[in-house]
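Report on one structure; see the data block that follows.
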There are 2 protein chains.
Amino acid sequence: MTGLEDVAKLAGVSPATASRALSRPELVAEATRERVREAARTLGYQPNVLARSLRQRGSRALGLVITDILNAFHATLAKAVQDVADAQGYTLLMFNTDEEPAKERRAFETLRGHLPQGLIVVPTPATHRNLDLLPGLPVVELDRASGRAGAYTVMVDNEVGAYRAVTHLAALGHRRIGMIVGRLDISTAVERHEGYRRALLEAGLPYRPELVLPGDHREAGGRAAAHTLLTLPPAERPTALFVGNNEMTVGAVLATRDLGLRLPGDLSLVGFDDSRWAQTILPALTVVAQPAYELGALACQTLLARLAGEPVPTSVRLQTTLIERDSVAPPPAGRPLSQTAGSA
Amino acid sequence: MTGLEDVAKLAGVSPATASRALSRPELVAEATRERVREAARTLGYQPNVLARSLRQRGSRALGLVITDILNAFHATLAKAVQDVADAQGYTLLMFNTDEEPAKERRAFETLRGHLPQGLIVVPTPATHRNLDLLPGLPVVELDRASGRAGAYTVMVDNEVGAYRAVTHLAALGHRRIGMIVGRLDISTAVERHEGYRRALLEAGLPYRPELVLPGDHREAGGRAAAHTLLTLPPAERPTALFVGNNEMTVGAVLATRDLGLRLPGDLSLVGFDDSRWAQTILPALTVVAQPAYELGALACQTLLARLAGEPVPTSVRLQTTLIERDSVAPPPAGRPLSQTAGSA
DNA sequence: CTGAAAGCGCTAACAT
DNA sequence: ATGTTAGCGCTTTCAG
């Protein structure tokens, strides 16, 4: 490895000056600066970031801890964070938690040893505690909130997104609208559930706990939950389903196929989070779209701005968009509504 | 930050002993070892990997450079590499190249400064040259080969995979089989193309250059290429299509929809690389499935084995599986075959 | 504006 | 088996 000393020697200066010429050019005379740069170029000098970071007590690296890189939404978040970090010359140390608090804990521990400048994390239910491992580190929470006091968060307005989706269904005449909600120890699920609830309330529809099933945010969970809801007795079965994330939406669609139900004839479906899958499946799915890339980019920008000492808002909410496609229609005419109106 | 010195003080030993107790326990008396470990635990000591790596002239980190994290296949590769690296206590420095040589170059430069122990790379067409930036670094090429002499590679048997797919189509009676091939400066595309060619040859079918179109490995490119092939005059139009990667396959399916062609009635289609999309689209797609996770895991294992000085094969090929689903059928009966037989 | 010298936290000789 | 010492490559006081 060619080091700074080699460069200094070739340029005929001390290592200190060479360092300054490359890192803080304004402290060095123009002529010297150029000589050093030239020397660095000819030698193909690449600074040893380990030594630099050790000395400066902090590396030009950021931690990114996400929950599931195989989920297209999260992969998009990661890509966006990468792009921004990269553009600013930061290296990303990326970890996957698979939603497991223990893995997140290990990720934080490993990260600590690398002295990153900051962290972007998609919280698990344990992030609140695990962040104690990184005292003083600037953190931006992405997509979800850990509930930590004073945390910086970049999220989507889940409550309004869900509210609009369910209102849309109610406006079409649906009276029994089910929801597959996700894990209630994750903030997005809670908020989407609240939006669902408010939409029902404002539409004058009763909230029926038996129509609200938790899922695990994965395809299998969504499929099982949808199966349960759609095999209820005809009078109780929902005519529309609002599904709380992209993977569970896939499961729900597969469940309708298992049961021979047609979309939107037999059932209306709205998913949360758009995807190519939702766009290209037949019928194309009506969804609450999230600006995934913007979300990730904004999180990274927020973190970098904080590091630069610029004032940044503690909490940012981006808006979702209801994209109407072909999986929603008025409820089937032949279905009895009398029973349903019971407690309204 | 609590450092090794604090631990040593608390345990009543020298920093050197503390270091040994934690990193090379066999060099230290049992009692001392326990005392140091205890001290480390109570202080919540976390080693500074920067200092350690600087001293040891190499960090316990690996580089992973992939081309497109938004592609599910590549995301799966990345996940697998992560899992294995993580299990062995290695940190992954991950970079995205978007297939751009310049980005790959920057990734390599950045990586170098971090003194990684090794690198796993999905090569771009420029990897051959760019690797000069990392002289002496153990490298494993994943999914594709850069063409570097002596490189370690972990790939799929693309030639055989493609051969089987096309043979399958030919056996069903297809005589005009088109291919959307990908960029011919990428080894997988070349190999799949060779398999296509051999299958044609063995089936006694002529190789028709006009039925072979390059794509850019993305959806839009596949769609455009398929559109071109499927709007050829009826006598020249292919009755079956073999598509060289997952994203272009999506494009090809969308093109059939644009043109109102039914699968498999009007056209048979085989894609390379399975995906949930291919499984759940209607009709479900016949594909050449790749063991993506195994591929990534094996690449990381190969690299780690090399680092451990164990002998490892220079080149590993995993087999693909032809999964027959519903996008393939015999060619439409009404189509004239006479014209086609011309040069056979 | 530039150089000399110290030290970031750790580990590897070298001693004992 | 443990302590002492030196130094990884860089940046940063502190002098000049």
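Quick caveat, the model's predicted, so the values are computed rather than measured.
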Taking [X] first and then [Y], would you say they form a salt bridge - that is, a charged N and a carboxylate O separated by under 4.0 Å?
| X | Y | value |
| --- | --- | --- |
| A:R148 | A:D132 | yes |
| A:R106 | B:D86 | yes |
| B:E109 | B:R105 | yes |

Can you tell me which residue among B:T127, B:T67, B:N96 is in a side chain to side chain donor-acceptor pair (under 3.5 Å) with B:E104? B:T127
Is [X] touching bases, backbone alone, or none of the nucleic acid, heavy atoms closer than 4.0 Å?
| X | result |
| --- | --- |
| B:V13 | sugar-phosphate |
| B:A16 | base |
| B:L27 | base |
| B:T32 | sugar-phosphate |
| B:R55 | base |
| A:S53 | nothing |

Take B:E294 and B:K79, measure what salt bridge (Lys or Arg N to Asp or Glu O under 4.0 Å) needs, and give me the verdict at the end. CA-CA 10 Å; B:E294 289 74 8; B:K79 176 76 160 68; over 6 Å; no
Distance in angstrom units between [X] [atom1] and [N] [atom2], rounded:
| X | N | atom1 | atom2 | answer |
| --- | --- | --- | --- | --- |
| B:R24 | D:dG3 | CZ | P | 17 Å |
| B:R20 | D:dA1 | CZ | C1' | 8 Å |
| A:H114 | C:dC10 | NE2 | P | 14 Å |
| A:R35 | C:dG3 | CZ | C1' | 14 Å |
| B:N48 | D:dC8 | CG | P | 18 Å |
| B:R33 | D:dA1 | CZ | P | 10 Å |
| B:L4 | C:dC8 | CG | C1' | 14 Å |
| A:L22 | D:dT11 | CG | C1' | 12 Å |

Does a nitrogen or oxygen in the side chain of [X] sit under 4.0 Å from OP1 or OP2 of [N]?
| X | N | answer |
| --- | --- | --- |
| B:Y45 | C:dC10 | yes |
| A:Q56 | C:dC8 | no |
| B:R57 | D:dG7 | no |
| A:T17 | C:dT2 | no |
| B:R52 | C:dG9 | no |

For the CD atom of A:Q88 and the CG atom of A:L307, what is their distance to the nearest 0.5 Å? 10.0 Å
Can you identify which nucleotide, out of D:dC10, C:dC8, D:dA1, has its nearest atom closest to the A:L54 side chain? C:dC8
Nearest-nucleotide wise, let me know which of B:E26 and A:P15 is further upstream toward the 5' end of DNA chain D. B:E26
